[in-house]
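Residue numbering restarts at 1 for every chain, and letters A, B, ... go by the order of the sequence lines.
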Amino acid sequence: MNPLKGMHRWVSLPSIWAGLIGVGLAVLYAAFTAEIREGTRVQFAVILGVVVVVANLMGDSYEQSRLRTLKALGFGLEKPTRDNLSKALGEASRIPDTVFWASLAFWVVSSFSVGVIYSILPGVGWAEGSRLAFIGLALAPLVSVLAHLSVLRRARAVMSRIIAQGVATNDLVRALPADRNQLQRRVVLFVAVSAFTPLVLLCDLVARWGFELLATMLKTDEAAQPQLLAQAPSDGLMPLVIITGMTMVVVVACGWLGGLSLGEPLRAITAATQRIARGQLGKSTIVPAEDELWGVAAAFASMEHQLITALRQLKDAGSKISSTTEELISSSLKHESGAADQTGALSQTSATTEELARSAKQIAQNASDVSRLAQAMLDSAQHGKRSAGAFYASILRVREGNQAIADSVVRLNKRVQQVGRIVEFIDGIADKSDLLALNAELEGTKAGDVGRGFSLVAAEMRRLSESVMSSTREINRLIEEIRDATNAAVMATEAGVKATDAGSGLARQVTESLDRIVDFANQTTDAVKAITLATHQQQSGTDQLAAAMSDILRSTQSALGATAQMSSANTDLSNLSGELQKTVSRFEVSS
Amino acid sequence: MIAAEPSAHIEGLVLCRVGDNHIAFPAAAVGSIDQWEPGGVPAPHARAAFGLPAAPGKLLVRGGFSLVVDGLEIVADRSTLLPVPSMLLGAVGGALRGFVSPSAGALVPLLGLAEFSSFVTRGGA
């Protein structure tokens, strides 16, 4: 169900009741003061009724015109958007003042209207009409204040309903800016009205009562005047008491309503303050009020809203701080552990670096030794190169000698072969001589004693041939041996030539290798010199590195101490965060 | 016949060497002596009679007969000729004429050149 339905009518309805109360009070006053002439009371009642109805209709129409958005929301013609709710809120907040001024204006106009219209009745003078207008004008402020105060409470109730529709505190503050500080003026006005209306009416009543008494005494005999004077107070006391009492009732009602209008917001704010003091924070407590009270209520609502927001943020921050602090503690512990490990590692690294520096120094020393050795190797290589060159030349000479020997042996072999052929020739001759001698000996033997001498000569020739043949065989054997020896010598010399060729090739390769070795040795010497220089620089660098590692180690040890302090601080921060959460948890912030 | 005469003598011998063996021929039975090489003039080789392979040697020639021996020497001195025992008559193709001893302790068969050449040619052993 729409909570704003009918609120536009309900909020302004007390102004009608207040007007009717005022009309009743005015009629009562007029009746006691005999303002209505006999015979015109019906006309007066008609005039009064018409004017009251018209004035109420017009006043109500005017008031409803000032509650257009609230009315539309109540009928569902408009959607409860932020703008519409803000407009309705403004209308509800302004309706008490609207009612006051409208009531005052219509009372003034109606009073004049009744007085004028009554004056023009037959037999009625302007004096009677003026008196009636005067009564209306005198009661107009009081009735307006009564209407204002009676509408005020309902307007606040309507505002509460509108706010309950979802008007944010910021929108509320924007819709109802707390810049109208009129409480003092308003209280002065109410007090003035409350004092002025009874005072005017009493003065008028007393004056009228005195005039009537004076007129009566003037018409009365002097003897009866004391008795008339003695009775006068009791005659005029009753209307005075009734009218004053009625007026005071209205004034007291106004005061009661005024007190309520001042006290209710203060009580609500006090209750909200006490609730906040108990730590119960819900939605922002918005207390509809006016003037400075509204300023206080708006400031209180803003304060509560800000407090809720701050508490939520504080709660979130506390949780985050707690979790972050826990992470910080964990991280600090890890960092502390890591820093300890790092310190240990750095200690080892520093020791290693110092060892490295010593090694670098040793390397530099070794590099210097290597440089000297490389130089010695270069000298040796150059010496070896010269020796290899000499060896190569010697090998070449040996090769030439071997070649000459081979040539000589070949020539010798040829000569031996020639000798062999000669020996074969001689052997052939000796063989034939032997054969001839043999045949000659045979013939001499066959000749008997005659051929004996011939046989002896032939035998001797045969032995000679055989001796030659034996010698030739020996020579052949020797030739064969010589041939074998020369062949062996040829083969040996050829092998020697080949060996010397191989040796010369090897010597050349050795020479070339030694050339390359010399080049390499030169390069090695240069490289070793560069290495020596680099190792000296490395030694200097490692010395600096060792010093730097010592500094880093000291810094890391300092960082480890700082980390431990940070861990302790994080622990303190965690404890503070816990206390903060505990403190914040005392406030119950409903979502 | 010479073989039939006991304790006869013979002058002029051709003492031939065939391997480790020696045979002798009467100098009168040898016409000439020549050198012989394997592959040369075809002639029976005395080594065949001893089951030995052919080898260079001296070629003995007489008429249409020839024989190759390893070596030879001529003994002009007078030598005792021992007769052929009856049981050896006809041996060596009938070429055996007796035995001579050209040196002390040595007994060499004396053969007829033509008969021994024929015997070797026929392949006797």
Side-chain angles (χ1 to χ4, degrees), chain A residues 416-484 487, chain B residues 2 8-18 22-38 40-41 43 46 55-63 65-81 97 100 102-103 108 110-114 117:
Chain A
V416 168
Q417 287 178 354
Q418 289 174 356
V419 170
R421 281 194 296 273
I422 292 170
V423 169
E424 283 181 1
F425 178 71
I426 293 172
D427 188 62
I429 292 173
D431 191 34
K432 287 179 180 175
S433 298
D434 178 67
L435 193 59
L436 286 174
L438 188 63
N439 282 293
E441 189 181 2
L442 177 63
E443 290 301 327
T445 300
K446 283 193 293 186
D449 291 338
V450 177
R452 187 170 297 274
F454 185 77
S455 294
L456 291 173
V457 173
E460 194 61 31
M461 286 183 63
R462 187 185 166 209
R463 281 192 292 272
L464 188 59
S465 296
E466 287 178 348
S467 177
V468 169
M469 288 172 65
S470 175
S471 297
T472 56
R473 279 195 296 273
E474 183 65 21
I475 289 170
N476 278 328
R477 189 182 62 80
L478 293 174
I479 285 172
E480 285 297 323
E481 290 180 358
I482 290 170
R483 189 176 293 165
D484 293 341
N487 286 334
Chain B
I2 295 173
H9 294 84
I10 187 169
E11 292 183 356
L13 291 174
V14 177
L15 185 60
C16 299
R17 181 178 54 83
V18 180
H22 290 85
I23 56 176
F25 295 99
V30 178
S32 64
I33 302 170
D34 204 351
Q35 196 69 29
W36 185 87
E37 294 291 336
V41 178
K58 303 295 186 182
L59 178 64
L60 307 178
V61 180
R62 174 66 185 257
F65 301 98
S66 61
L67 182 69
V68 179
V69 296
D70 293 342
L72 58 85
E73 60 180 323
I74 295 171
V75 180
D77 296 338
R78 186 176 179 148
S79 299
T80 302
L81 175 62
R97 296 289 182 265
V100 294
S103 59
V108 177
L110 179 66
L111 301 173
L113 179 62
S117 175

Heavy-atom pair count under 4.5 Å with chain A, highest-scoring of B:V75, B:V14, B:L72: B:L72
Look at B:L13, B:V30, B:I74 and state which one has the largest set of heavy-atom pairs under 4.5 Å with chain A. B:I74
Other residues, nucleotides, ligands: >12 heavy atoms within 6.0 Å of A:M461 CE: no
Got a sec, which residues hit side-chain contact (heavy atoms from CB on, under 4.5 Å) with [X], two or more places apart in sequence or on another chain?
| X | answer |
| --- | --- |
| A:I479 | A:V416, A:V419, A:V423, A:I475, A:N476, A:R483 |
| A:L436 | none |
| B:A28 | none |

Between chain A and chain B, identify every pair of one donor and one acceptor N or O atom lying under 3.5 Å apart.
| residue | atom | partner | partner atom | Å |
| --- | --- | --- | --- | --- |
| A:N439 | OD1 | B:I33 | N | 2.5 |
| A:N439 | ND2 | B:I33 | O | 2.7 |
| A:K446 | NZ | B:V30 | O | 2.8 |
| A:K446 | NZ | B:G31 | O | 3.4 |
| A:R462 | NH2 | B:L72 | O | 2.6 |

